Number of protein chains: 2
Amino acid sequence: MQPTAVTWAVLGLLGIKPMSGYDIKAAVDRTIRHFWAASYGQIYPELKRLEEGGWIAGTDADRGGRARRVYRITAAGRRRLEGWLHGYETRIEMRDESLLRLFFADTLPPGEALGLLAARREGYRMMLAYLRSLDDGEGADPPFVDLVYRWGLDYCEWGIAWCDRQERRLRRAL
Amino acid sequence: MQPTAVTWAVLGLLGIKPMSGYDIKAAVDRTIRHFWAASYGQIYPELKRLEEGGWIAGTDADRGGRARRVYRITAAGRRRLEGWLHGYETRIEMRDESLLRLFFADTLPPGEALGLLAARREGYRMMLAYLRSLDDGEGADPPFVDLVYRWGLDYCEWGIAWCDRQERRLRRAL
DNA sequence: TAGTGCATGTAATGCGTTACATGATTTC
DNA sequence: GAAATCATGTAACGCATTACATGCACTA
């Protein structure tokens, strides 16, 4: 059982509590998808792989005729998860179309180029609004779950301020 | 000619000056790769596609026996590029393994979990050092090329400060 | 009874990297 | 003469999304 990119997202979530594939997808979308997305097309095959490898175990929990397979992490799986948690690689891959556009903006008239900065700020604002909408007000997330949520909020706020600052600077300079 | 993800990186670079595939790869690695990577396996086929579509034109500039094909953007290509520059999507895709690890850190003993924050800060530091090493001191990049370079530096500095702040906060709280 | 949510899964397609093959030229 | 750099390209593979197929249960 060779771990791939999805492995840790799925295994990590099952480390919190037993879940079905459907639950996992929902949890990903609710929590980590802005920095680690996963689709059904990855999750269901991965659950099979993880079960074959003995890292998780599934049971058919049938809730009134509706098929539902719930997986829980095994002891072996938990050992693997902890091994990964102790790893120290910090690979970040990013694909940011708005930065790419900014990079090529020198050929545009100054006013339009500055408009791209405003558009970027707007992108941050939308992401911020989205993240805030996820906060269900029930509070009491575990400290590191909360920490990562804060990262999203703080990053957006930083980004908005950065665009403001740079827009002012360029407006003076151009 | 249906544009894909690589299209704009390649076309944008050719919008600055004529280049060979090799040059483009080098330019990507020197400038935009931390938020928009591209490999030979994408660049060479894309150059063919762009040429077939009439967005760029290639000429065999042979520099003493060594084969070298230099491409320049056409008028049609420049129109397309400008159309894209005026677009306002701000899609950001990120895959940040260190954030994923932090998200699942609640099962670790507090000291080890805080170690992950320190590891993240170290990641920012390394990226910052890498970005600074790119600055050849020759200065005088066009304003928006410089802007995006600054973004990288500022983002790393913000990230380092964020990790510091959160580490202090959690140390008090845990 | 229509719409939404729960629930599982696969096939086709596209995106992107890695590794390889090939060979000339320049620099030490 | 060895090593680095310039230069082009492809094949195999892996990663990820999208779209589709299927069907039950709950609720307005």
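Per chain, numbering begins at 1; letters A, B, ... match sequence-line order. Every value quoted in this text rests on a predicted model; they were computed, and no experiment measured them.
Computed from coordinates, the A/E93 CD to C/dC15 P distance equals 17 Å when rounded to whole Å. When rounded to the nearest whole Å, the span between CZ of B/R69 and C1' of D/dC6 equals 17 Å. If you measure from atom CD1 of B/I43 to atom P of D/dG9, you get 12 Å, rounded to the nearest angstrom. Rounded to an integer number of Å, the gap from A/D60 CG to C/dA7 P is 13 Å. The distance between atom CD of A/E51 and atom C1' of C/dT8, rounded to the nearest whole Å, is 14 Å. Regarding B/R68, its CZ atom lies at a distance of 13 Å from the C1' atom of D/dT5, rounded to whole Å. Rounded to whole Å, atom P of C/dA7 lies 13 Å from atom OH of A/Y71.
With rounding to the nearest 0.5 angstrom, the CG atom of A/L116 is 5.5 Å from the CG atom of A/L102. With rounding to the nearest 0.5 angstrom, the CG atom of A/L81 is 7.5 Å from the CZ atom of B/F104. Atoms CD1 and OG1, from A/I16 and B/T107 in turn, are 8.5 Å apart once rounded to the nearest 0.5 Å.
For the helix from C/dT1-D/dA28 to C/dC28-D/dG1, the angle separating the two terminal helix axes comes to 30°, with each axis derived from five pairs and the value rounded to 10°.
Both B/L13 and B/M1 are part of a single hydrophobic cluster, where members link through side-chain heavy atoms under 4.5 Å apart.
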How does protein contact run along nucleotides 15-22 of chain D, one letter per nucleotide 5' to 3', with B for base contact, S for sugar-phosphate only, - for none, heavy atoms under 4.0 Å? SSBB----

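Listed by chain and number, the residues in a side chain to side chain contact (heavy atoms under 4.5 Å, CB included) with A/A76 are A/T74, A/R79 (sequence neighbours excluded). Remark: A/D146 pairs with A/D141, A/R150, B/R169 by the side chain to side chain contact (heavy atoms under 4.5 Å, CB included) rule, at least two apart or across chains. Annotation: side chain to side chain contact (heavy atoms under 4.5 Å, CB included) contacts of A/D23 (sequence neighbours excluded): A/M19, A/S20, A/R68. For B/E97, the salt bridge (Lys or Arg N to Asp or Glu O under 4.0 Å) test picks out A/R91, B/R101, with sequence neighbours left out. Partners of A/R49 by salt bridge (Lys or Arg N to Asp or Glu O under 4.0 Å), not counting sequence neighbours, listed by chain and number: A/E46. Looking at residues two or more places apart in sequence or on another chain, you find no salt bridge (Lys or Arg N to Asp or Glu O under 4.0 Å) involving B/R72. Evaluation of the salt bridge (Lys or Arg N to Asp or Glu O under 4.0 Å) rule for B/R95 yields no partner, not counting sequence neighbours.
Using a 4.0 Å cutoff on non-hydrogen atoms, the parts of residues 19-33 of chain A near DNA chain C are A/S20, A/G21, A/Y22, A/D23, ordered by number. The stretch residues 9-17 of chain B has no heavy atom under 4.0 angstrom from DNA chain D at all.
Among residues at least two apart or in separate chains, side chain to side chain donor-acceptor pair (under 3.5 Å) pairs with a member in residues 109-120 of chain B are A/H86-B/E112, B/D96-B/R120, B/S98-B/R120, B/R120-B/Y124.
Contact of the A/W55 side chain with the A/L14 side chain is not registered, since no non-hydrogen atoms from C-beta on lie closer than 4.5 Å.
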